[in-house]
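To start, the structure under review is shown below, and the notes come after it.
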Protein chains: 2
Amino acid sequence: MARATAAEATTTSSERILAAATSAFAELGFRGTTTRDIAARAGMSPTAMYVHHRSKEELLYAISLVGHQRLLAAIQEASAQGVTPTQRLGSVALTFGAWHAERNVQARVVNYELLALTPEHYGEVAQLRHGIDTVFRSIVAAGVATGEFDVDDVSMACVSLASLGVDISRWFRSDGEWSTEQVAAHYRDNALRIVGARGQAGSAARE
Amino acid sequence: MARATAAEATTTSSERILAAATSAFAELGFRGTTTRDIAARAGMSPTAMYVHHRSKEELLYAISLVGHQRLLAAIQEASAQGVTPTQRLGSVALTFGAWHAERNVQARVVNYELLALTPEHYGEVAQLRHGIDTVFRSIVAAGVATGEFDVDDVSMACVSLASLGVDISRWFRSDGEWSTEQVAAHYRDNALRIVGARGQAGSAARE
DNA sequence: GTCTATAGTGGGATAGAC
DNA sequence: GTCTATCCCACTATAGAC
């Protein structure tokens, strides 16, 4: 309590373990990562993590849960920052794309290690993923209703939007050719093109 | 020799092992799959695979190499079946999308287990992946040159095209809501929209 | 070319001192 | 809350019979 000042910059052991596990899971996969790998990256003994997490799977669950919660909150907020469906999709896409680029290490764990979760934990995470889909779906449906978007199948369009964003975390590297901002902006432009947005579709309008 | 008739339908042990390993790697990941898993799925003893493959990694390499070679050959052929860049991209996208949907189990291994290969084997596979990128790149560049396509950055557009196709193998399931044909056709439409193709852009032209 | 038996290694998790 | 020591199990790959 006395130590929980706002200026506290020191990382706790628990935070170091979470960070170490995230980077290890992203690099080696959940099954390819040993508890010894995690401990080494956190600078601790091989068994120190058991004080903070019941098992290796609980550690993955903690990472996965927090990752999904924060992503969902971020795109819900982004969705509220626009008025028209075009504005809202642009805002959500920019946030979704930036999240997958900027936090690509965390995103790889969140998106590709899901199947290592227990059925119960997977179920909880699946609900959050459903919430993410709902954000896209409500915007695309609204855009179709107003005639701003030209989409045959709303479900399939939403799969494509999620898909293109998720895959950024597979290929993006922060030391690569493009900045997170460039990738996010390009993803937004693609998203608007995919739904056939008329008018101010970012660089898609450039002629 | 005498048994190698054209009508030979019986699968060889080697083929059964490859098929068993593919399904196991797709489901459990390379590191999550044990040689016992593979043997059980192939209906053989735990050590039978060592007669046909030097190690578990060699088995992954064989799957990965053949998978990439066939995909590259398929899209090269598809590319030759059109004249204009729009036709060629439509044809390639249909083939690329269908491959990732139809062969989603094989495609998951091919796309997501690359890092389990030895550096040498990874290098060989990376060359094939570069060849796949080249097919997309030459078409998109040609479309920009003729003015059929409206693209800011050819490289980034090609990443998006590959990305959207690869991710199909992550989410597609053959017992799901959509057929492989529907998914492939939708991917083609999205591809043409992403490059800003004018004119006959499949359902994108529907008004 | 397939089997059984097994060598040799390494990982997840616990016990108990400090 | 962190350590060292360790249990027990599982895995890859080899040996050698048939």
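When reading the values below, keep in mind they use all heavy atoms of this one structure, side chains included, and skip hydrogens, waters and symmetry mates. The sequence lines fix the lettering, A, B, ..., with proteins before strands; numbering per chain opens at 1. Keep in mind it's a predicted model, so treat the numbers as computed, not measured.
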Quiz prompt | Selection residues 36-56 of chain A - residue pairs positive for ring pair (Phe, Tyr, Trp, His ring centres under 6.0 Å), sequence neighbours left out | solution = none
Quiz item: What parts of residues 21-29 of chain A reach DNA chain C, counting only heavy atoms under 4.0 Å away?
Solution: none
Exercise. Give the B/S/- string for nucleotides 11-18 of chain D, one per nucleotide from 5' to 3', where a protein heavy atom under 4.0 Å of the base yields B, of only the sugar-phosphate yields S, and otherwise -.
Key: BBBB----
Practice problem: List in chain and number order the residues that pass side-chain hydrogen bond (donor to acceptor under 3.5 Å, both in side chains) with B:Glu57, two or more places apart in sequence or in another chain; answer none if no residue qualifies. | Solution: B:His121
Which donor-acceptor pairs under 3.5 Å do side chains of residues 160-167 of chain B form with protein atoms, sequence neighbours excluded?
from, atom 1, to, atom 2, distance (Å)
B:Ser160, OG, A:Asn190, ND2, 2.8
B:Ser160, OG, B:Met156, O, 3.3
B:Ser163, OG, A:Asp167, OD2, 2.4
B:Asp167, OD1, B:Arg170, NE, 2.8
B:Asp167, OD2, A:Ser163, OG, 2.4
B:Asp167, OD2, B:Arg170, NE, 3.4
B:Asp167, OD2, B:Arg170, NH2, 2.9

Quiz item: Could you give the CE-to-C1' distance, from B:Met44 to C:dT4, as a whole number of Å?
Solution: 15 Å
Quiz item: Taking C-beta and beyond as the side chain, do A:Ile168 and A:Asn104 meet within less than 4.5 Å on heavy atoms?
Solution: no
Quiz prompt | Whether over 12 other heavy atoms sit under 6.0 Å from A:Arg54 CZ | solution = no
Quiz item: Rounded to whole angstroms, how far apart are NE2 on B:His52 and C1' on C:dC3?
Solution: 13 Å
Can you list, pair by pair, the side-chain donor-acceptor contacts under 3.5 Å of residues 94-103 of chain B, counting residues two or more places apart and other chains?
from, atom 1, to, atom 2, distance (Å)
B:Thr95, OG1, B:Ser91, O, 3.1
B:His100, ND1, B:Phe96, O, 3.0
B:His100, NE2, B:Asn111, ND2, 3.3

Quiz item: Do the ring planes of A:Trp178 and A:Trp171 sit parallel (below 30°), tilted (30 to 60°) or perpendicular (above 60°)?
Solution: perpendicular
Quiz item: Any salt bridge between B:Glu148 and B:Arg88, counting N to O under 4.0 Å?
Solution: no
